[in-house]
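The structure under discussion appears below in the form of structure tokens.
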Amino acid sequence: MESSLSLTTLKAGGNQNKHSLSLEPKLGRIRLRKWDNLHFRGSPKHPMTLILVERLEAVTGQLKTQPLWLVWVGIQMPSLAEIWQLYLRRFALEHWYRLAKQTLHWTVPKLSTPEQCQRWSDLMPLVTWQLWLAKDLVKETRLPWQKSLSELTPGRVAQSMLPLLIGIGTPTVAPKRRGNSDGWQPGKARTKRCRYPVVKKGKGRLQKSPKSIS
């Protein structure tokens with residue numbers, strides 16, 4: 001959340017339930033505060049816990065940091081001293097999302113139903129584990145401008161998988177030769193594809209003024 005959230009606003013909507021201080025070797029003194037039983041505007045049936053992480057003293061050689069606002073929505077929240085440390089793991093997750101989108105083509109297929117999208121998304125972690133297990137079995141194949149890596153990343157493993165896949169083989173049958181298709185079987189019912197409405201983005205706040213024609 002944005003750090004511009006006012007503490008005065010919280011006094012009207014919820015009570016501060018817990019306050020603690022901790023000393024981190026790299027960050028110095030950290031103050032943690034949380035407010036329970038808050039909710040977003042328009043959703044009073046979905047309570048949340050608001051957490052504020054403040055750095056009380058600056059470490060030599062580092063820039064001053066802004067307060068960190070976190071929101072917890074769930075059944076059982078971890079301890080206050082642990083939950084903000086878990087947030088730091090988001091960097092590893094963001095790297096995986098980039099791998100899934102750019103290398104594993106997560107968002108490329110144009111699927112028709114939510115079930116198809118879910119099945120395709122379920123394959124992404126499985127493919128990632130296959131790449132992790134295969135990193136010691138492949139020989140690095142890199143492009144001319146890429147540097148050699150002592151520890152192969154999942155993206156570099158995917159780039160080097162072709163010789164391994166050729167050696168393993170495939171359970172699929174050989175492709176048929178080109179020719180005239182048998183066509184649709186007579187008497188077989190046809191069902192129309194389910195169509196969904198097109199989602200259009202709304203107009204932004206700032207609109208460019210039309211250029212005047214002189």
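These numbers come from a predicted model, not from an experiment. Count residues from 1 along the sequence.
A donor-acceptor distance shorter than 3.5 angstrom exists from the side chain of Trp120 to the backbone of Trp106, with no hydrogens or angles considered. Panel note: side chain Thr141, backbone Ser160; no donor-acceptor pair is recorded below 3.5 Å.
Here the straight-line distance linking atom SG of Cys117 with atom CZ of Arg119 works out to 9.5 Å at 0.5 Å rounding. Within the model, atoms CG of Leu38 and OG1 of Thr49 stand 7.5 Å from one another, a figure rounded to the nearest 0.5 Å. How far CD of Glu54 is from CD of Gln66: 11.0 Å, rounded to the nearest 0.5 Å. One finds the CG atom of Leu32 at 8.5 Å from the CD1 atom of Ile51 (value rounded to the nearest 0.5 Å). Atoms OH and CD, on Tyr97 and Gln102 in that order, are 15.0 Å from each other to the nearest 0.5 Å. To the nearest 0.5 Å, the span separating CZ on Arg98 from OG1 on Thr103 amounts to 8.5 Å.
Put simply, the side chain of Leu93 does not reach to within 4.5 Å of the side chain of Arg89, judged on heavy atoms. A 4.5 Å side-chain heavy-atom check between Ile83 and Met77 finds at least one atom pair inside the cut-off. For the pair Arg142/Lys147, no side-chain contact is recorded, criterion being any heavy-atom separation below 4.5 Å from C-beta on. Looking at heavy atoms from C-beta onward, Met161 lies in side-chain contact with Leu131 at the 4.5 angstrom threshold. Side-chain atoms of Lys34 and Trp72, non-hydrogen and from C-beta on, never get closer than 4.5 Å to each other. Side-chain contact check for Phe40 versus Met48: some heavy-atom pair is nearer than 4.5 Å. In this structure, the side chains of Gln146 and Gln159 come closer than 4.5 Å at one or more pairs of heavy atoms. At least one side-chain heavy atom of Arg193 sits under 4.5 Å from a side-chain heavy atom of Ser112.
Residue Trp132 qualifies as open at atom CH2: its count of foreign heavy atoms under 6.0 Å is 12 or below. No more than 12 heavy atoms of other residues, nucleotides or ligands lie within 6.0 Å of CH2 in Trp129, so this atom counts as exposed by the packing criterion. Dense packing is recorded around CG of Leu143, with more than 12 heavy atoms of other residues, nucleotides or ligands lying under 6.0 Å away. Within 6.0 Å of CZ in Arg90 there are more than 12 heavy atoms belonging to other residues, nucleotides or ligands.
Scanning all heavy atoms of the two residues, the minimum distance from Leu152 to Arg156 falls at CD2-CG, 3.8 Å.
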Next on the checklist: Under the criterion side chain to side chain contact (heavy atoms under 4.5 Å, CB included), I'd like the reasoning laid out for Lys135 against Glu151: C-alpha separation, chi angles, the key distance, then a yes or no.
Outcome noted: CA-CA 9 Å; Lys135 68 176 184 176; Glu151 187 74 16; 3.0 Å; yes
Next on the checklist: Please evaluate residues Leu68 and Tyr87 with respect to the criterion side chain to side chain contact (heavy atoms under 4.5 Å, CB included), reporting the C-alpha separation (whole Å), side-chain torsions for both, the decisive distance (0.1 Å), and the verdict.
Outcome noted: CA-CA 10 Å; Leu68 176 64; Tyr87 175 74; 4.0 Å; yes
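A single hydrophobic cluster is seen to contain both Trp96 and Leu126, as judged by linkage of ILVMFWY side chains at heavy-atom distances under 4.5 Å, directly or through other members. No chain of hydrophobic side-chain contacts below 4.5 Å, direct or via other Ile, Leu, Val, Met, Phe, Trp or Tyr residues, connects Leu133 to Leu149. A continuous path of ILVMFWY side-chain contacts below 4.5 Å connects Leu164 to Val127, so both sit in one hydrophobic cluster.
Residues satisfying the side chain to side chain donor-acceptor pair (under 3.5 Å) criterion with Ser148, sequence neighbours excluded, are Glu140.
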